[in-house]
Amino acid sequence: MATTWVALLRAVNLGPRNRVAMADLRALLEELGHRDVRTLLQSGNAVFSGGRPTAAKLRAAILERTGTDAPVVLLEAAELQTVVDENPFGDLDDPKQPLVQVLADPRDAARVQALQERDWGTERLAVGSRAAYVHLPDGIRNAKLPPAVERAAQDTVTGRNWATVTKLLALAGGPAAR
């Protein structure tokens with residue numbers, strides 16, 4: 001049985017720069033030999049099956065095809081299920097909360113964990129094995145935690161709201177998120 005993969009492109013389609021059409025991303029993944037390619041929204045979320053991809057190869061192929069240098073975070077569908085299962089903020093009423101900052105390198109979790117020792121005011125942080133969960137009751141505009149998580153991690157971090165994470169899990173064939 002083929003593995004289902006989730007690719008999260010960082011900082012694409014946020015305004016006029018770093019544009020990657022999802023049709024181009026789907027075609028590129030298929031050309032690389034992947035099957036069952038689906039995308040979600042316009043923000044660089046893809047689900048596909050097939051052989052083991054590498055983030056570096058995908059990033060290079062995207063750059064060659066589109067001219068956009070988009071760091072990629074790759075997860076197996078089972079790892080995305082773990083990201084969902086580890087969310088300690090599942091009781092929040094807003095389906096867009098929390099911000100889930102997915103870590104490309106699981107070893108970064110320990111570095112991000114150290115941020116919990118600081119006072120972040122109304123912002124709250126929890127860290128799982130592959131993600132930092134950031135609750136931002138005052139919104140993201142002036143939030144301090146998301147950029148701190150990015151600085152603490154030594155590899156790529158990309159954020160998605162909770163609604164997007166659960167939709168990606170459903171697209172990947174995972175059970176319903178809590």
Side-chain angles (χ1 to χ4, degrees), residues 1-12 14 18 20 25 29 32 34 40 43-63 68-90 92 96-121 123-136 140 143-169 171-175 177-178:
M1 185 171 169
T3 301
T4 299
W5 297 94
V6 178
L8 307 173
L9 280 60
R10 186 178 192 291
V12 298
L14 301 173
N18 296 335
V20 176
L25 180 59
L29 288 166
L32 292 173
H34 300 293
L40 177 68
S43 55
N45 305 298
V47 174
F48 54 93
S49 61
R52 182 174 196 81
T54 68
K57 183 176 180 179
L58 287 177
R59 183 177 185 172
I62 292 165
L63 177 60
T68 295
D69 186 15
V72 177
V73 174
L74 279 172
L75 300 166
E76 290 186 32
E79 291 174 300
L80 184 60
Q81 180 67 57
T82 299
V83 167
V84 168
D85 291 345
E86 291 178 346
N87 175 17
F89 300 131
L92 298 173
K96 292 188 177 180
Q97 287 280 358
L99 173 65
V100 180
Q101 291 184 274
V102 183
L103 308 169
D105 185 341
R107 295 173 293 188
D108 282 337
R111 288 181 274 278
V112 173
Q113 185 85 31
L115 296 174
Q116 291 182 308
E117 298 171 12
R118 294 180 46 195
D119 179 9
W120 297 98
E123 298 177 31
R124 295 178 6 203
L125 171 68
V127 182
S129 58
R130 272 308 284 274
Y133 306 87
V134 183
H135 178 232
L136 304 168
I140 197 166
K144 292 177 177 57
L145 263 170
V149 168
E150 290 181 16
R151 285 189 302 271
Q154 292 182 354
D155 204 339
T156 301
V157 176
T158 188
R160 299 295 187 272
N161 69 41
W162 183 243
T164 299
V165 170
T166 57
K167 287 175 186 173
L168 278 168
L169 181 61
L171 195 62
R178 60 179 162 127

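Throughout, numbering of the chain's residues begins at 1 and tracks the sequence.
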Hey, are the side chains of [X] and [Y] touching, using non-hydrogen atoms and a 4.5 Å cut-off?
X	Y	value
Gln101	Leu99	yes
Val72	Thr156	no
Leu74	Pro53	yes
Val112	Val157	no
Val47	Leu40	no
Val134	Phe89	no

Exercise. Check the pair Arg160 / Asn45 against side chain to side chain contact (heavy atoms under 4.5 Å, CB included), numbers first and verdict last.
Key: CA-CA 10 Å; Arg160 299 295 187 272; Asn45 305 298; 2.6 Å; yes
Minimum heavy-atom separation for [X] and [Y], please, with both atom names.
X	Y	value
Leu136	Pro146	CD1-CG, 4.0 Å
Trp162	Val100	CE3-CG2, 3.7 Å
Leu80	Val6	CD2-CG2, 3.9 Å
Ala77	Leu169	O-CD1, 4.2 Å
Ser129	Glu86	N-OE1, 2.7 Å
Trp5	Gly50	NE1-O, 3.3 Å

Exercise. Apply side chain to side chain donor-acceptor pair (under 3.5 Å) to the pair Thr164 and Asn161, showing each step before the final yes or no.
Key: CA-CA 5 Å; Thr164 299; Asn161 69 41; 3.2 Å; yes
Give, for atom [atom1] of [X] and atom [atom2] of [Y], the distance between the pair rounded to the nearest 0.5 Å.
X	Y	atom1	atom2	answer
Lys144	Arg118	NZ	CZ	10.0 Å
Glu76	Arg52	CD	CZ	6.0 Å
Glu117	Gln113	CD	CD	8.5 Å
Asp69	Leu9	CG	CG	10.5 Å
Leu103	Glu150	CG	CD	10.5 Å
Leu58	Leu32	CG	CG	6.5 Å

Practice problem: For Asp105 and Gln154, indicate whether the former's side chain and the latter's backbone hold a donor-acceptor pair under 3.5 Å. | Solution: no
